[in-house]
K.L.:
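Pasting a structure here, questions to come.
FYI, side chains are in, hydrogens and waters are out, and symmetry mates aren't considered; it's all heavy atoms of this structure. These numbers were taken from a predicted model, which means no experiment stands behind them.
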Amino acid sequence: MIEFDIESPYDEATADAGLPFRIERNGKYYGTFTLRYVDSSKTKGQLEFKRVRAMYAKQLRTNQLDEYQAACAVLCHVYLTGWEGITAKGKEVPFSVETALAFFANENARWIALKLVELAADDSNFAPDEEFAAEDISKN
């Protein structure tokens, strides 16, 4: 087998560890979310997505999950590894997958979930070239 000299378009260590993305809109801070990149073209990534599909197989089969809820399931189980600045009644809420799913079920958090999916799915946010800082990208 020929081993070609093809570099990964992203830094694999950074992608696995994740990066913090500070989310702001109209001058208001909505939290910092740690996202990792999962390459769906590689076996490991395919297995992660398959695991989430299996967890929600019945809901998907019976149309109990809409497109947004399915995206949130992938976000919370695959991409999102932590957060800071998420509060309820003035107190910091610790991260867990279940809590994240509840947070993104809130109508006011929908745009945040969609932005995070967009950020996490873009391998250029995890590029080895530090030309762009993750915090700067998230503000766009």
Side-chain angles (χ1 to χ4, degrees):
M1 177 180 220
I2 300 172
E3 290 190 33
F4 293 100
D5 298 324
I6 302 174
E7 287 186 34
S8 175
Y10 58 91
D11 182 279
E12 293 185 22
T14 300
D16 284 342
L19 290 173
F21 291 85
R22 181 181 173 90
I23 302 299
E24 293 181 4
R25 190 173 188 179
N26 300 325
K28 182 165 174 43
Y29 172 67
Y30 288 91
T32 300
F33 300 83
T34 303
L35 301 172
R36 63 192 194 107
Y37 175 72
V38 178
D39 191 340
S40 62
S41 70
K42 294 188 176 182
T43 303
K44 180 181 173 187
Q46 291 169 0
L47 290 173
E48 289 205 45
F49 290 109
K50 187 175 185 178
R51 177 181 58 86
V52 174
R53 278 193 306 273
M55 291 170 61
Y56 292 92
K58 182 178 180 181
Q59 292 101 319
L60 289 168
R61 239 185 357 266
T62 58
N63 294 321
Q64 292 176 330
L65 283 183
D66 63 26
E67 189 175 321
Y68 173 76
Q69 292 167 320
C72 283
V74 171
L75 171 63
C76 295
H77 286 282
V78 177
Y79 295 123
L80 186 61
T81 63
W83 63 27
E84 293 177 9
I86 304 303
T87 59
K89 296 184 180 179
K91 295 187 180 179
E92 188 88 15
V93 177
F95 172 80
S96 73
V97 170
E98 294 76 20
T99 305
L101 288 166
F103 175 76
F104 294 120
N106 183 308
E107 191 174 289
N108 292 327
R110 289 176 72 95
W111 72 269
I112 298 170
L114 297 173
K115 180 66 176 177
L116 294 175
V117 168
E118 176 187 320
L119 291 166
D122 185 352
D123 65 2
S124 69
N125 290 331
F126 303 88
D129 177 6
E130 295 186 18
E131 182 178 338
F132 300 105
E135 289 190 15
D136 293 337
I137 293 169
S138 69
K139 292 179 184 176
N140 294 331

K.L.:
Could you pull out the closest heavy-atom pair between Tyr56 and Ala73, with the gap in Å?
P.N.:
CE1-CB, 3.7 Å
K.L.:
Could you go step by step and tell me if Phe49 and Val78 meet the side chain to side chain contact (heavy atoms under 4.5 Å, CB included) rule?
P.N.:
CA-CA 7 Å; Phe49 290 109; Val78 177; 4.2 Å; yes
K.L.:
Closer than 3.5 angstrom, by distance alone: can the side chain of Asn125 be matched with the main-chain N or O of Leu119 as a donor-acceptor pair?
P.N.:
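Pair found, side chain donor or acceptor close to backbone of Leu119.
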K.L.:
Measure up the Phe33 and Trp83 rings against each other and bin them: parallel (under 30°), tilted (30 to 60°), perpendicular (over 60°).
P.N.:
perpendicular
K.L.:
To the nearest 0.5 Å, how far apart are NE2 in His77 and CD in Glu98?
P.N.:
7.0 Å
K.L.:
What's the separation between atom CG in Asp123 and atom CG in Asp11, rounded to the nearest 0.5 Å?
P.N.:
11.5 Å
K.L.:
For a 4.5 angstrom cut-off between non-hydrogen side-chain atoms, does Leu75 reach Leu35?
P.N.:
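Heavy-atom side-chain distance check passes, below 4.5 Å.
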K.L.:
If you round to the nearest 0.5 Å, how far is CD of Gln46 from CG of Asp39?
P.N.:
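The distance works out to 8.5 Å.
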K.L.:
Is Met1 reachable from Phe4 through a run of hydrophobic residues whose side-chain heavy atoms are each under 4.5 Å from the next?
P.N.:
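Each belongs to a different hydrophobic cluster.
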K.L.:
Can you name the nearest heavy-atom pair linking Ala15 to Arg36, along with the distance?
P.N.:
O-CB, 2.9 Å
K.L.:
Testing the basics here: between Thr32 and Pro20, what is the closest heavy-atom pair and its distance to 0.1 Å?
P.N.:
CG2-CB, 3.7 Å
K.L.:
Kindly give the heavy-atom pair with the smallest separation between Val117 and Ala71, and that separation in Å.
P.N.:
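The answer is CG2-O, 4.1 Å.
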K.L.:
Under 3.5 Å, is there a donor-acceptor pair between the side chain of Glu84 and the main chain of Gly31?
P.N.:
no
K.L.:
Rounded to the nearest 0.5 Å, what separates atom CG in Leu19 from atom OH in Tyr37?
P.N.:
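If I round to the nearest 0.5 Å, the distance is 13.0 Å.
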K.L.:
Does some side-chain heavy atom of Tyr68 sit less than 4.5 Å from a side-chain heavy atom of Leu114?
P.N.:
yes
K.L.:
Measure the spacing between CD of Glu12 and NZ of Lys44 and express it to the nearest 0.5 Å.
P.N.:
9.0 Å
K.L.:
After noting the C-alpha distance and the side-chain angles of Trp111 and Arg25, does the key distance pass the side chain to side chain contact (heavy atoms under 4.5 Å, CB included) rule?
P.N.:
CA-CA 10 Å; Trp111 72 269; Arg25 190 173 188 179; 2.9 Å; yes
K.L.:
Does the side chain of Leu80 reach to within under 4.5 Å of the side chain of Phe104, using non-hydrogen atoms?
P.N.:
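Heavy-atom side-chain distance check passes, below 4.5 Å.
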K.L.:
Can you tell me how far apart CD1 (Ile23) and OH (Tyr29) are? Round to the nearest 0.5 Å.
P.N.:
9.5 Å
K.L.:
Within a radius of less than 6.0 Å around CD of Gln64, do more than 12 heavy atoms belonging to other residues, nucleotides or ligands occur?
P.N.:
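More than 12 within 6.0 Å, yes.
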K.L.:
Determine, step by step, whether Val93 and Phe103 satisfy the side chain to side chain contact (heavy atoms under 4.5 Å, CB included) criterion, reporting the C-alpha distance in whole Å, the side-chain angles of both residues, the deciding distance to 0.1 Å, and the verdict.
P.N.:
CA-CA 10 Å; Val93 177; Phe103 175 76; over 6 Å; no
K.L.:
Between Glu118 and Lys115, is there a salt bridge with N-O shorter than 4.0 Å?
P.N.:
yes
